[in-house]
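Chain letters run A, B, ... following the sequence lines, proteins first and then strands; every chain starts at 1.
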Amino acid sequence: MKRNTWQEYQKEVADDNYYYLRSCIRQNFFPGSEKAFVKIIRDELGRNIFDDPAHTSCTGIGYHSDIVLHETIMTVVARQFSLMQDAGLENAAVSCITSFGIYTEVLETWREFPEVEERIRENLYKATGREFYKPRNLAHTSDIIFHHREAIRDRAKYLLVNRRTGEPLRGVEHIGCHYAKIFPKEGIGGVEFPYVLAGMIEAWGGTVVDYPERRHCCGFGFRNYLVQANRGYSIGNSQKKLESMAPYKPDFILTNCPGCGMFLDKWQYTIAEIEGTTYGEDGKGIPVLTYEELAGLVLGYDPWELGLQMHQVDVEPLLNKMGIEYDPAAKYLMPNGKYIGRPAQAAVNMGVE
Amino acid sequence: MNYYDHFVIPFVVGTAFMFAVIVWKWGRWLWKLPVADKKAIVRGVFSLDTLRAIREVVYESLLHRKIFRVNPVLGYMHMSLAFGWFLLIAVGWIEASVVLGTGTPLHAHVFFRYFDTAQHTGWNPFAFIMDLLLLMVLSGVALAWFKRMRSRALGMKRTTKHVFIDRVALTALWLIFPLRLVSESFAAAIKHNGGFLTGGLGSLIAATMDSAVIETLNSLAWWLYSFALASFFVAMPFSRYMHIFTEVPLIFLRRYRLHSTAREKSFDNFQIQACSRCGICIDPCQLQNVLNINNVQSVYFLRDRRYGKLDEKVADNCLMCGLCESRCPVGIELNTLRLNSRQKSIDTPALTRYDYLQGIDRSSGNGKVGYFAGCMTLLTPTVLRSMERIFEAAGEGVWWADRDGGSCCGRPLKLSGEVNAAERIMARNKELFAKHGITTLVTSCPICLKVFREDYNLEGIEVIHHTEYILRLVHAGRLSVEATGQEFTYHDPCELGRGSGIYEEPRELIRMAGRLVEPEHNRREALCCGSSLANLVIDDSQQSKIGSAVTSELEATGAATIVTACPLCKKALARDASVRVADISQVVAENLRVAS
Amino acid sequence: MPQFGFSISQPRAVNLDTNDFVPAEKLLRELPELQSCIACGSCTATCTAGNLTSFNFRKVHTLVRRGEYREAYEQMDKCMLCGKCRLVCPRGINTRAVVMKIKRELGDYQR
Amino acid sequence: MGKQVVIVGGGVAGMQAALSLKARGAEPVIVERGDRLGGKVAGWHKLFPTFTPVEDVLGPMLQRVQEAGIEIHTGAEVEALVDGGVAVKGGGRFSGDATVICSGFDVFDARRKEEYGYGIYDNVITTVDLERMFNEGHVATVQGTAPHRVAFLHCVGSRDEKVGAHHCSKVCCITGVKQAIEMKKLFPAAEIYNFYMDIRMFGPGYEELYRRAQLEYNINFVRGRISEASQAMGGKVQIKAEDTLIGRPLKMTVDMLVLIVGMKGGASNASYAAGGLVVADNGFMQPLDPFCGNVLSGKEGIFYAGAVTAPKNIGDSLNEGSAVADRVAEYLKL
């Protein structure tokens with residue numbers, strides 16, 4: 001990738017004092033990621049972050065599936081801001097790309113139509129007796145990791161470098177559509193040349209592969225996945241991306257959106273089952289990671305504590321390349337030692353122990 | 001006496017081979033004829049048609065009357081060769097029978113002068129006649145040589161480019177008669193049995209040569225003559241000379257009403273192999289004389305088709321204007337053969353093809369007279385408007401089949417070789433006509449007219465072109481045309497004129513409206529406008545070139561208006577015309593006399 | 001194979017990297033004027049068949065030129081070869097020959 | 001000594017204005033910001049629609065300017081309009097009895113259409129770059145190979161609300177056709193695709209050249225704007241568009257993507273506006289009216305000629321160079 005990425009789209013990211021807004025689905029798809037985020041911010045970087053048990057779903061999936069009204073979701077968002085106000089914080093750190101898109105959209109709506117904001121304030125007050133202020137800084141948690149990428153590198157135990165050859169590992173990145181496609185100025189690097197994940201990969205010693213369908217949607221598309229009959233379209237989009245990236249032989253896929261990570265991972269299994277195609281080395285899949293998982297690996301966290309065993313495509317080839325020491329026998333054990341069972345063998349992870 | 005000498009072997013073998021091949025070919029073709037054709041033959045054999053056929057064989061195969069009409073020199077050349085040779089055989093057979101008696105083998109007749117046993121003293125009338133005939137044939141051969149070298153002198157701009165087997169046969173044919181002259185002269189030198197020609201040459205030989213030398217050369221000459229005959233006979237069934245014999249059964253079969261159709265059948269072979277490749281079809285072809293395309297004319301088309309080398313670029317590159325067909329001395333159905341050669345290669349429509357026409361009826365109005373404008377007429381609204389005025393003036397109730405867009409008639413598809421597909425469209429149109437109960441179907445498009453008449457089998461519905469219809473209205477007093485001082489010239493559309501035989505109706509109408517000046521080529525000789533749907537190959541500029549050549553000829557008449565009776569011709573001529581181009585219906589509609 | 005209840009949708013995009021241009025190029029070699037089409041739509045507007053059913057000659061021959069033959073194969077059968085389109089084409093394209101060639105090259109007919 | 005006329009810009013319009021004024025007895029002074037006369041045309045290789053080498057047009061013109069003894073100041077960028085003349089950067093003034101502004105246009109900065117990746121991806125170039133390559137006599141991809149597939153994209157920076165350009169740059173269509181033909185001549189085996197929204201062939205011989213591009217050079221014209229480009233392997237560029245004539249999206253990989261960049265109002269127009277002249281909505285200078293006042297600014301003593309008022313081709317600019325001399329002569333009572 002060329003060095004001269006657009007400088008136009010830069011973004012201010014708060015350095016400390018975050019109010020954490022978790023993602024509904026990430027906690028299921030990648031259960032170790034959000035835990036790792038809090039750990040990195042709080043323990044590694046010594047920053048203040050408030051993980052509020054009182055906040056709720058942003059209802060974004062319901063909104064994009066036409067079952068939650070605009071008015072409703074704006075009120076829900078207002079309540080989250082009210083909780084942030086209670087915590088005395090001003091910097092919203094949003095874990096989910098859908099939520100991030102929702103928050104930016106709501107704030108933009110209020111900016112353009114102050115009377116709507118007034119109405120929402122009224123709604124919230126009538127419903128809960130709450131008031132709120134708007135965040136001073138709104139960032140996606142990948143923005144925050146990007147912001148601290150050099151600090152993480154300073155603490156790195158492993159780098160994105162092939163231990164055997166010394167070559168940088170090749171990463172392809174995939175940015176969630178709602179990160180910057182709705183409001184390009186809200187994303188680092190904008191929509192055409194996103195740099196938020198690329199910056200992490202480069203900072204941590206890897207190299208970013210620019211492949212033709214880099215900007216293409218993963219295919220989640222809410223209703224395209226949620227309605228079973230439409231899933232062929234969803235998987236078709238993932239396949240288009242996988243086919244486009246495969247010739248570059250990437251060592252891993254890095255995502256910042258819960259849906260994208262999920263689908264680029266799980267659809268690899270489905271495609272292999274339906275038509276026998278796999279896209280990684282040796283007939284296996286391409287490992288898919290969240291940025292927290294990647295940061296966690298760089299910082300030397302245990303892969304199973306990061307939840308990497310929950311991925312459909314096995315991550316061991318990547319761990320081996322990075323030279324990460326791990327206990328293969330512990331992969332399917334809970335921290336208390338209880339066996340959680342292992343999935344049936346599938347084409348995308350055949351032969352990995 | 002067995003009248004045998006070794007030199008007769010080539011002749012005997014060649015003759016036997018030739019007749020075997022011809023019998024086998026004809027037999028196979030006849031055997032493969034459809035049942036209906038076979039029945040027609042059986043019905044025809046014992047009718048007057050057989051006598052008519054015999055007369056035609058004499059007129060055409062021997063005397064070449066048609067070629068005489070087209071070109072007397074060419075006619076004489078063909079007649080001297082065909083009829084002369086026939087008489088040589090016939091008179092020679094009589095002479096041999098008289099001298100040698102009956103029951104002698106064939107070769108004894110053919111080589112009679114060699115086997116002649118009579119003692120000759122004084123003037124021999126047979127020898128005189130035979131020499132006269134030989135001289136006549138030789139004059140034909142000389143003309144043929146001359147034609148090869150200088151065709152223009154015989155009124156042909158171009159002659160046919162022949163294939164190898166034709167050249168072999170031709171060479172043999174050219175050698176036969178000079179060799180016969182030489183052989184018979186040598187025989188006459190020995191036996192003194194020649195006439196004024198061979199006898200004279202014989203005396204000269206006898207006077208100048210040693211008798212032993214004469215004996216040797218005599219033998220050699222007869223061997224060569226026999227070889228020449230044999231070569232010709234062996235090559236003949238595979239060369240253009242197959243036409244000599246094939247034309248005969250063709251004449252009979254045609255008299256028995258056998259015709260080629262849009263689909264190939266074995267009768268086509270009689271037509272194809274009856275082509276003598278005389279090349280008369282080359283000169284009139286507009287593709288040749290305007291566009292300089294030299295390999296697609298009927299003679300080449302038939303040749304390529306006969307030898308199984310027909311390229312679709314040749315088959316598809318024909319205007320099917322019918323000009324060559326009208327000139328063909330053998331009367332071969334050239335358009336039909338062209339058409340069915342296209343059908344063979346491409347016509348397998350899907351079973352659901354054109355199902356979309358089902359139930360579509362955009363017709364309007366009511367009446368016993370149906371009017372089918374045709375696709376092209378929809379692009380010439382003046383014709384449509386004129387017909388409206390004419391119908392109105394005549395007080396005719398009309399059912400408008402396609403004024404608001406209708407189906408195609410199917411002929412363009414047929415012309416493109418998709419006969420089966422065309423029939424699917426025709427069936428839908430027939431349903432429509434039947435549904436609306438019309439008794440007369442008028443069309444403005446000669447292309448539609450032809451297909452309605454020839455392929456639709458519209459029982460109870462009379463199909464006429466608007467020229468015929470308008471004239472009828474005039475004759476019935478329902479319409480009258482005001483005379484003007486204008487001058488008109490008329491372009492005969494191919495499909496209307498040569499295609500449907502309608503020449504006089506439009507002329508009669510024009511004369512009512514003004515003065516008619518005929519262009520150089522008219523009626524059966526009329527030129528094609530170039531936009532014919534039958535040609536799938538030539539491009540736009542080529543079409544326009546042909547069109548402007550025709551337009552120039554029409555403009556040369558000095559007439560103020562070029563009249564035609566086909567929307568396609570109208571558009572083609574108007575492209576390049578500096579005078580007005582109008583349809584016949586326009587001329588009538590504009591000059592309707594108000595009923596008093 | 002597990003039953004997923006759906007299959008992988010194929011992209012609708014015309015892929016000029018993978019399409020086979022051999023038949024299209026042959027067509028254009030024989031009828032080069034087709035390249036001068038300016039997509040005015042006259043052919044389609046005047047089309048006898050197109051006024052009776054959904055048939056768009058302009059679109060079909062454009063598809064063929066892009067190497068998309070399957071749709072063309074199905075579509076060209078609707079044409080009646082009446083030749084009106086040829087009369088209205090401002091670029092003088094021998095449209096009937098285009099129809100015939102597309103059908104022949106695309107295997108509509110058994111040769 | 002005749003009356004002095006300051007001519008801002010030494011492109012074809014400026015030179016023609018100077019020549020015509022000189023012939024009428026005025027003393028024109030050309031103030032040119034670049035280091036040579038000739039303007040944008042000087043960077044071109046061959047001219048549409050005749051493929052005439054630029055030297056054949058500019059050469060004789062420069063010679064005539066020289067022979068006429070016209071005063072020329074290069075490297076002088078006008079900073080402001082002042083009473084009776086212009087002030088240039090770094091100090092200095094040129095005064096005259098009239099001023100003719102012929103400062104032309106700016107080429108659209110293709111980087112602003114970031115979805116095409118100009119300046120980011122290999123082998124995404126502009127028409128200006130391609131002309132430079134033609135001039136250098138070496139057209140090749142960044143990898144040094146001969147292109148097998150080239151796509152031209154019309155209307156980059158023209159007719160595009162997203163970059164604030166509602167106007168048509170007029171000459172790009174024919175430029176795209178000209179360059180496509182030149183590429184085909186250089187690389188006969190290459191496939192050339194031109195992606196267009198409308199083909200606007202306004203000049204004599206233009207439509208004919210378009211037709212030749214189709215018929216003789218087998219250039220493929222696809223109606224549809226490229227929506228995005230991305231880098232593919234080996235320096236190729238993957239492009240996506242809709243073929244609007246078949247109503248289907250289309251994608252392909254090309255060795256070279258040429259962006260046919262449009263014209264926009266010159267950056268110096270702002271300083272004219274500061275001097276009391278009117279800049280039109282499209283960023284070009286607003287002449288008094290598009291008819292008889294097409295070379296008048298509306299302000300006494302200040303005139304326009306050439307592409308400073310709207311996208312124009314060379315012929316139009318030359319005509320205005322002559323026309324403006326008429327109006328200046330009238331004004332100065334020459």
Can you check whether Ser230(D) reaches Glu213(A) side chain to side chain, under 4.5 Å on heavy atoms?
-> no
Evaluate whether atom CZ of Phe134(D) has more than 12 neighbouring non-hydrogen atoms of other residues, nucleotides or ligands under 6.0 angstrom away.
-> yes
Residue-level contacts of residues 245-256 of chain A with chain D, using a heavy-atom cutoff under 4.5 Å = Pro247(A), Tyr248(A)
Any residues in residues 170-190 of chain D near chain A, with a heavy-atom distance under 4.5 Å, and which are they?
-> none
What do you reckon, is CD of Gln228(A) surrounded by more than 12 foreign heavy atoms closer than 6.0 Å?
-> yes
Report yes if some heavy atom in the side chain of Glu228(D) is under 4.5 Å from a heavy atom in the side chain of His216(A); otherwise report no.
-> no
Phe193(A) and Glu115(D): side-chain contact (heavy atoms from CB on, under 4.5 Å), yes or no, with the steps?
-> CA-CA 9 Å; Phe193(A) 305 100; Glu115(D) 57 266 45; over 6 Å; no
Nearest 0.5 Å, what's the NZ-OG distance between Lys251(D) and Ser244(A)?
-> 6.5 Å
For chain A, find its close neighbours in residues 235-243 of chain D: heavy-atom separation under 4.5 Å, sorted by number, or none.
-> Gln238(D), Lys240(D)
Which of residues 258-269 of chain A have a heavy atom under 4.5 Å from any heavy atom of chain D?
-> none
